[in-house]
Amino acid sequence: MTTFLAQTAALGLASPLERTPHGLLYADERDEDRSIEGVLLSRTGTETSSRRTAMEQLLCGVCSGPSERTGDGVLWLLPIPAGTPDDRVWDGWPEGVTTTHPPVCRRHGLRPEAGQRAFYAAEADLVGVHGTLHPAPGILAVPVDRMLRFGDPRMPWMVADSYVRELRRLTRADEQRGTR
């Protein structure tokens, strides 16, 4: 096993990562270091951990209370796309958009900030993780910031910061039943 001391320090992780033939692990790995899906989770701090919990349990990403739920689904604040190649403008509804941002409660979703739009999503499936993808053995590359879907064969080389949900069956909050 080779320890990634330099990379681990650069990422601010509390414990060195080790490379095995089957993927990454912490030298002092504990049960809570892996998601239910077996993905290695980063140890970057309380905020990252709270955000993952909010995404996993659909809690408000601001106050950690219950998210707003109606017959139209769970309330989310989505950034309005910038219109760049990496952030394309939505063609109609942002159906199938992926997000690493947890949902919000009614109080925190009532007035979206500039550059955001509030939506209710009837479906919000966990589809993957976002974090640092390390190169597999024999590949000369540097770690990169990336989103991977569950089932991706590169997942053993991922250190996840956040979960990713795919939002479908969306209703704009300001159009819901003619209110908001």
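We number each residue from 1, following the sequence as shown.
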Are R169 and E123 close enough for a salt bridge, meaning some N to O gap below 4.0 Å?
yes
Within this structure, what is the CZ-CG distance for the pair R149 and D152, rounded to the nearest 0.5 Å?
10.5 Å
For a quick test of reading the model, state the closest non-hydrogen atom pair linking G109 to A118 and the distance between them.
O-CB, 4.2 Å
Considering all heavy atoms, the nearest M158-L133 contact
SD-N, 4.0 Å
Could you grab the distance from atom CD1 of I80 to atom CG of L77, nearest 0.5 Å is fine?
10.5 Å
Electrostatic pair R34-E29, nearest N-O below 4.0 angstrom:
yes
Test M147 against every option in T98, V129, T100 by the side chain to side chain contact (heavy atoms under 4.5 Å, CB included) rule and name the one that passes.
T98
Atom pairs and distances, side-chain donor-acceptor, residues 55-67, under 3.5 Å, sequence neighbours left out:
unit_1 : atom_1 : unit_2 : atom_2 : d
S67    : OG     : L58    : O      : 2.8
S67    : OG     : R69    : NE     : 3.4

Please report the closest heavy-atom contact between A136 and W157, naming both atoms and the distance.
CB-NE1, 3.7 Å
One should read off an interatomic distance between H22 NE2 and L24 CG, to the nearest 0.5 angstrom, of 13.0 Å
Atom OH in Y163, atom CG in L41: separation rounded to 0.5 Å?
5.0 Å
Run the numbers on R165 and H101 for side-chain hydrogen bond (donor to acceptor under 3.5 Å, both in side chains), then give the verdict.
CA-CA 9 Å; R165 284 193 180 265; H101 298 284; over 6 Å; no
Rounded to the nearest 0.5 Å, what separates atom NE2 in H130 from atom OG in S162?
6.5 Å
Here the pair of heavy atoms bringing G96 nearest to E166 is O-CG, 3.5 Å
Minimum side-chain heavy-atom gap V159-L17 below 4.5 Å:
yes
Smallest heavy-atom separation, D161 atom then S42 atom, equals OD1-OG, 2.8 Å
Stepwise salt bridge (Lys or Arg N to Asp or Glu O under 4.0 Å) check, R43 with D28:
CA-CA 12 Å; R43 293 180 176 175; D28 62 344; 3.0 Å; yes
Does CZ belonging to R168 count more than 12 external heavy atoms closer than 6.0 Å?
yes
Joint hydrophobic cluster, L40 plus F150, side-chain heavy atoms closer than 4.5 Å:
yes
Just wondering, do F119 and L167 contact through their side chains at under 4.5 Å, heavy atoms?
no
What about V164 and V74, same hydrophobic cluster or not, with Ile/Leu/Val/Met/Phe/Trp/Tyr joined at side-chain heavy-atom distances under 4.5 Å?
no
Membership question, hydrophobic clusters at under 4.5 Å side-chain separation (ILVMFWY): are L126 and V97 in the same one?
yes
Is atom CD of E113 surrounded by more than 12 heavy atoms (other residues, nucleotides or ligands) closer than 6.0 Å?
no
Which distance, rounded to the nearest 0.5 Å, do you find between the OG1 of T171 and the CG of L75?
11.0 Å
For residues H134 and R19, is any side-chain donor paired with an opposing acceptor at under 3.5 Å?
no
Take E68 and H108 through the test side-chain contact (heavy atoms from CB on, under 4.5 Å) and record every step on the way to the result.
CA-CA 9 Å; E68 165 77 355; H108 291 109; over 6 Å; no
